[in-house]
There are 2 protein chains.
Amino acid sequence: MGVSLKDIAARAGVSLSTVSNVVNGYRPVGEETRQRVQSAIDELGYAPNLSARHLRLGRSGIIALAIPEFDNPYFAELAGAAIREAAGLGYTLVMEDTAGAYEREVLMIDNSRRQIFDGLIFSPVAVSREEVLASPPTTPMVLIGEGVYDVPHDHIAIDNIAASHVAVQHLVSLDRYRIAFIGAQAGDHRQSAHLRLRGYREALAGAGLPWDPALAAPTTAFGRADGLLAMRDLLARTQPPDAVFAYNDLVAIGAIRAVVEAGLRIPDDVAVIGIDDIEDGRFSNPTLTTIAPDKEHIGRLAVRRLVARIEGTPVGPPYDVQPPFRLVTRESTLGGRRPIRA
Amino acid sequence: MGVSLKDIAARAGVSLSTVSNVVNGYRPVGEETRQRVQSAIDELGYAPNLSARHLRLGRSGIIALAIPEFDNPYFAELAGAAIREAAGLGYTLVMEDTAGAYEREVLMIDNSRRQIFDGLIFSPVAVSREEVLASPPTTPMVLIGEGVYDVPHDHIAIDNIAASHVAVQHLVSLDRYRIAFIGAQAGDHRQSAHLRLRGYREALAGAGLPWDPALAAPTTAFGRADGLLAMRDLLARTQPPDAVFAYNDLVAIGAIRAVVEAGLRIPDDVAVIGIDDIEDGRFSNPTLTTIAPDKEHIGRLAVRRLVARIEGTPVGPPYDVQPPFRLVTRESTLGGRRPIRA
DNA sequence: GACCGGCTGTATAACGTTATAGAGCCCGAC
DNA sequence: GTCGGGCTCTATAACGTTATACAGCCGGTC
């Protein structure tokens, strides 16, 4: 083991309590003793045992952020905002990757992991609403993204349907008639994919465009490779699309690559739009038009709500928040080449 | 607080010890009692308090990975490998972002954070060798990347100089004569930037090419935006480069964008190579030639070494490992357009 | 001179867990 | 009939910390 309070106390010839008071200033200590204790601390290199402190105090000062796609920049960017907010509130934020795997997600909502952290911000993909409901209510949990609604937890997620409307309407405004959607469907667990598909269909209907199932390309996951394969498929059709609404920016970037490989022009032959506004799309060729959720807002708000729950600040009942989003137009739908403002 | 052993014991009418034995099977328990205890656990929803267990056992089963650029996919991809290896060894890996900030990095090497985790994998950027040396040797620490050598810790980092040689030699083999380097220098803390610059200069000399300071473009950081700005600068010279070796793939992607914006062709007018082999470069337009460190190897090895130290497995003295890397040629130096195998 | 209050320090109980020592019981062997 | 030993289970001490209760001392006030 490392150096403990006891070692310091012995070295300085004082009691445990006095050392503790020097360390965290709960009660005043005489100047002379304080210095003797402090030099003992410096010499022996003492640092408090966080587990013991956690056990005693009931709080560790650490909150966790569990995300399903560690390699999706969207979450990295969101995490950045969360980390800053947490630091400002005196908490450390650590991240855990569930990889969207069911067993890993279950570890989040049963108590095995939550016992060591003061709270959890969780982006569930594989677990169901019922499982979240059945989880024991110990440490506070805030849910972000996806479609786990009507549970006794704060929940922050953009309005997927409204966002999809804006995306599709933008493509319609460019006089596109054969608008495809790329993203998983059918048996997929991911609620947001279903919601975005629904928004896409509604928007098509609203614009008086027909619903063509051949233009809804399924994917097995939501990365660049999935977008690439799906787009190749769409381009091989006898009547290829003249625009694509991708489930997210990664998928869109894969789709762009497929279009370029096919020797077609963007947006002239095919316009592309995604969702997320990850940095990749700001530097891609062409740059990517996208729906930008306010990641800063989401990250900060999630932490604020969680900390409020942890500290018992009165914040009212759990609620659903739909953070703002906006359409960011770039070369993949507008054409031309405009220098990036960096 | 949550449900504790005591609650279960009371409910099942047995002692604390018996419940503990049911939970972790340290000693056998009679079948009838075991069932009574088990149903009490299920009913009350018990999960062990990890802090208490950590305090008692001296281990928490959690290791941390502290990285300087959470938004660089390189680390996300490396973390993926580390997470898998850790899971296989019975550990959970959580990630912490230092943002390369000095104060945050100091928190890693003094003991404040290490007390709650069994060990730390740390990619230092801002702290010096002396500070690492002065840190109290409590929980094991494995260092990855950068140039903190000759410290009593395992250290895993590619041979930056050798990697730079390979990169530059590849450009030379394409008959490029004005090869630029983009990456911070001078007062920068980042050792790897200095090493790569040195490798670049050595390789130029080896190829009989002159060293032109005007072709070494400094950056303030190492992201896409930095590559973009530096490349714009280089292209504005009276004698622009015909090839660019970028500090990493993100910088290279920014550089590519600058070349495209300028209306020049890649690789015809300017060839581009990076280091890291992040997924972005596999899907960019054009796709990016790069030096690919074996991230899987690095991530897994770091975890294996750390766990060996934690568990006291005899593994010999701390050592420096240089993981393998290889040149991956793509469109940004080879030209043409080759479909991605996805 | 007795008492009060402030200041400085100490002893101790608890947080939830697990390893150790040991208690009670029953069965078989001498 | 006693002893040894296996089988269950229990009581307890510790891990390192902090909050509570308390003890001693000094100076000032009635």
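Note on naming: letters A, B, ... go to the chains in the order of the sequence lines (proteins, then strands), and numbering restarts at 1 for each one. Predicted model only: the values in this text are computed from it and were never measured.
- For the pair Asp7(B) CG and dG16(C) C1', the interatomic distance rounds to 10 Å; values are reported in whole Å.
- Taking only side-chain atoms of Ser15(A), from C-beta outward, the nucleotide of dC15(C), dA11(C), dT8(C) with the closest atom is dA11(C).
- Under 4.0 angstrom from either OP1 or OP2 of dT17(D) there lies no side-chain N or O belonging to Lys6(A).
- Out of dT8(D), dC15(C), dT17(D), the shortest distance to the side chain of Thr33(B) is found at dT8(D).
- Here dA19(C) presents its P atom at 11 Å from CZ of Arg59(B), a figure rounded to the nearest Å.
- As a whole-Å value, the separation of Arg36(B) CZ from dT8(D) P is 14 Å.
- Ion pair Glu69(A)/Arg190(A) flagged as a salt bridge, since at least one NZ, NE, NH1 or NH2 atom sits closer than 4.0 Å to an Asp/Glu carboxylate oxygen.
- Between Thr18(B) and dT10(D), a side-chain N or O to OP1/OP2 separation shorter than 4.0 Å is present.
- Put simply, CZ on Arg53(A) is 8 Å from C1' on dT17(D), counting in whole angstrom units.
- Atom-to-atom, CZ of Arg34(A) to C1' of dT8(C) comes out at 13 Å; the value is rounded to the nearest Å.
- Checking dG16(C), dT17(D), dT8(C) against the side-chain heavy atoms of Ala52(A) singles out dT17(D) as nearest.
- Note on Asn21(A): nothing from the nucleic acid sits closer than 4.0 angstrom, heavy atoms only.
- Residue Asn49(A) contributes atom CG, which lies 7 Å from atom P of dG16(D) at whole-angstrom precision.
- Checked by atom type and distance alone, the side chain of Asp154(A) pairs as donor or acceptor with a backbone atom of Tyr319(A) at under 3.5 Å.
- With contacts defined as side-chain heavy-atom distances shorter than 4.5 Å, the pair Asp118(A)/Thr139(A) does not qualify.
- Between Tyr26(B) and dT20(C) there is a side-chain polar atom (N or O) within less than 4.0 angstrom of OP1 or OP2.
- Across the protein-nucleic acid pair, Ile8(A) atom CD1 and dG16(D) atom P stand 12 Å apart, rounded to whole Å.
- Side-chain to base pairing of Arg27(B) with dG22(C): one donor and one acceptor N or O lie within less than 3.5 Å of each other.
- At least one donor-acceptor pair closer than 3.5 Å links the side chain of Ser39(B) to the backbone N or O of Gln35(B).
- Mapping Glu32(A) and Leu16(A) onto DNA chain C by nearest heavy atom places Glu32(A) at the nucleotide closer to the 5' end.
- You'll find the ring centres of Phe70(A) and Phe70(B) inside the 6.0 Å limit.
- Along DNA chain D, the nucleotide closest to Ser4(A) and the one closest to Gly30(B) are compared, and the more 5′ of them pairs with Gly30(B).
- Using a 4.0 Å heavy-atom distance criterion, Ser17(B) is classed as a base contact.
- The nearest whole Å value for the distance from the CG atom in Leu5(B) to the C1' atom in dC15(C) is 13 Å.
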